[in-house]
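Accompanying notes for the structure given below.
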Amino acid sequence: MTEKIISAIEQLAAPNELKALFHEQQCGHPLPSQEALQQIIETLRSIIFPGFYGRSSVNMDTIGYHIGVHVERLHKLLGEQILAGLCFVDEAPQQLDTLKEKAEQLASDMVERLPQLRATLATDVEAAYLGDPAATTQSEIIACYPCIKALTNYRLAHELFVMQVPLIPRMLTEMAHSETGIDIHPGASIGHHFCIDHGTGVVIGGTCIIGNNVKLYQGVTLGAKSFPLDEEGNPIKGIPRHPILEDDVIIYSNATVLGRVTISKGTVVGANKWVTTDL
């Protein structure tokens, strides 16, 4: 029995068996924490939608204090997690103080963007309300609809992605994917008044460009066709490969749009359609 255990340990620790599966932590920092990122999302939601998330007793007399406390907490959590992300990808680690300073600045930059992020999410709430006859109030949208939860994660993640914060943007959108069934890559660019009705099974690829006042239904895929390969047979990454949706587009349930095609302003794509050319 001992020999079997020793043999298994030797095989598991063999360098050739660990290729791409082992991460040697830099600066003594582990991966960004899933638990801390969940706290970031909960804190963000309480800032963007006070009274719906966080303390339910908040009122207009205490709103400044409420937001101030939560923004300070968000800034601290973001700084810590951004630092962990920077350390994770830095193969030739800089001085830890330099990375801490960079993480602090990125966290501050993100906090500065929160008013615009809220303004955009307000348009998403409005779009969901106007697009669903079953919704009785915008409050119902905020409290119940999975698209707003997914878009809150996405819009934070997208800003961090644009700021070139490593790893964390993808973790945030995958958390929303697990929670809502809506899979939005943080690299996708999405305009205001964006609505995903029902939402389950929606996939939006990383180089998608989506205009304003666009509506998707459940099961829609905005994906890529087969990847071009380099001379060594590896996929060529970083090239535009997902659809462009112009303003006022509607795509009904389970439609699939693949490749760098353009769906022109005002186009309606019916359910269960397969689209690989411009419309």
Side-chain angles (χ1 to χ4, degrees), residues 27 29-88 96-97 99-126 128-129 137-180 184 186 192:
C27 311
H29 278 264
L31 281 168
S33 162
Q34 192 90 7
E35 181 181 351
L37 292 178
Q38 185 60 48
Q39 292 176 30
I40 285 173
I41 289 301
E42 291 171 0
T43 304
L44 176 70
R45 289 174 179 173
S46 71
I47 294 168
I48 301 299
F49 305 114
F52 291 94
Y53 299 92
R55 291 182 58 187
S56 59
S57 61
V58 66
N59 56 57
M60 291 308 295
D61 293 330
T62 61
I63 190 69
Y65 173 78
H66 168 89
I67 290 178
V69 168
H70 283 81
V71 166
E72 185 176 1
R73 181 168 188 261
L74 180 68
H75 180 265
K76 181 177 183 294
L77 288 168
L78 275 173
E80 292 171 349
Q81 295 310 300
I82 290 172
L83 176 60
L86 292 172
C87 289
F88 174 78
L96 184 57
D97 288 344
L99 291 179
K100 285 182 177 178
E101 184 178 341
K102 183 176 182 181
E104 175 80 11
Q105 183 60 55
L106 288 168
S108 297
D109 291 346
M110 186 60 244
V111 168
E112 186 178 27
R113 299 182 186 205
L114 290 181
Q116 182 56 53
L117 189 148
R118 174 194 271 172
T120 305
L121 281 167
T123 72
D124 299 331
V125 172
E126 182 181 24
Y129 173 69
T137 63
Q138 291 195 23
S139 294
E140 181 183 352
I141 299 293
I142 296 170
C144 304
Y145 280 42
C147 68
I148 299 305
K149 293 180 179 179
L151 287 173
T152 302
N153 283 45
Y154 156 75
R155 295 209 182 273
L156 172 63
H158 179 70
E159 294 300 323
L160 294 172
F161 181 90
V162 171
M163 294 159 58
Q164 299 184 339
V165 172
L167 196 62
I168 292 171
R170 192 62 186 270
M171 293 179 73
L172 290 171
T173 53
E174 289 301 335
M175 288 165 63
H177 185 192
S178 297
E179 181 181 10
T180 67
I184 310 176
H192 58 74

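Index from 1, following the sequence.
Rounding to the nearest 0.5 Å gives a distance of 9.5 Å between CZ of R155 and NE2 of H192. Distance CD1/I82 to CG/L77: 10.5 Å, rounded to 0.5 Å. Taking CG of L44 as the reference point, atom CG of L172 lies at 9.0 Å (rounded to 0.5 Å). Here the CG atom belonging to L78 is positioned 8.0 Å from the NE2 atom belonging to H75, to the nearest 0.5 angstrom.
Minimum heavy-atom separation, L83 to A103: N-CB, 3.7 Å. The two residues A128 and C147 make their nearest non-hydrogen contact at CB-SG, 4.2 Å. Of all heavy-atom pairs spanning S46 and H66, the tightest one is O-NE2, 3.2 Å. Across every non-hydrogen atom of Y53 and I142, the tightest pair is OH-O, 3.2 Å.
Contact of the M171 side chain with the L31 side chain is not registered, since no non-hydrogen atoms from C-beta on lie closer than 4.5 Å. Counting heavy atoms from C-beta outward, D109 and Q105 have side chains that approach closer than 4.5 Å. Taking 4.5 Å as the limit, every side-chain heavy atom of I40 sits out of range of all side-chain heavy atoms of T43.
No side-chain donor-acceptor contact under 3.5 Å links T62 to the backbone of V58.
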Practice problem: Would you check, one step at a time, whether the test side-chain contact (heavy atoms from CB on, under 4.5 Å) holds for T152 with I41? | Solution: CA-CA 8 Å; T152 302; I41 289 301; 5.7 Å; no
Exercise. Could you walk me through whether L121 and D124 pass the side-chain contact (heavy atoms from CB on, under 4.5 Å) test, one step at a time?
Key: CA-CA 5 Å; L121 281 167; D124 299 331; 3.7 Å; yes
Quiz prompt | salt bridge (charged side-chain N to carboxylate O under 4.0 Å, His left out) evaluation trace for E104 with K100 | solution = CA-CA 6 Å; E104 175 80 11; K100 285 182 177 178; over 6 Å; no
Exercise. Please step through side-chain contact (heavy atoms from CB on, under 4.5 Å) for the pair L106 and K102, ending with a clear verdict.
Key: CA-CA 6 Å; L106 288 168; K102 183 176 182 181; 4.1 Å; yes
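H177 and E174 share a side-chain donor-acceptor pair at under 3.5 Å. Side-chain polar atoms of T120 and Q116 form a donor-acceptor pair below 3.5 angstrom.
For E72, the CD atom is loosely surrounded, since the number of other residues' heavy atoms within 6.0 Å does not exceed 12.
For E101, there are no side-chain hydrogen bond (donor to acceptor under 3.5 Å, both in side chains) partners two or more places apart in sequence or in a different chain. With sequence neighbours excluded, no residue satisfies ring pair (Phe, Tyr, Trp, His ring centres under 6.0 Å) with Y145.
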Indicate every side-chain donor-acceptor pair of residues 156-167 with a distance under 3.5 Å to a residue at least two apart or in another chain.
unit_1	atom_1	unit_2	atom_2	d
H158	ND1	P186	O	2.8
H158	ND1	A188	O	3.0
E159	OE1	R113	NH1	2.7

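Each of Q34, Q81, R73 was compared with Q39 under the side-chain hydrogen bond (donor to acceptor under 3.5 Å, both in side chains) criterion, and only R73 meets it.
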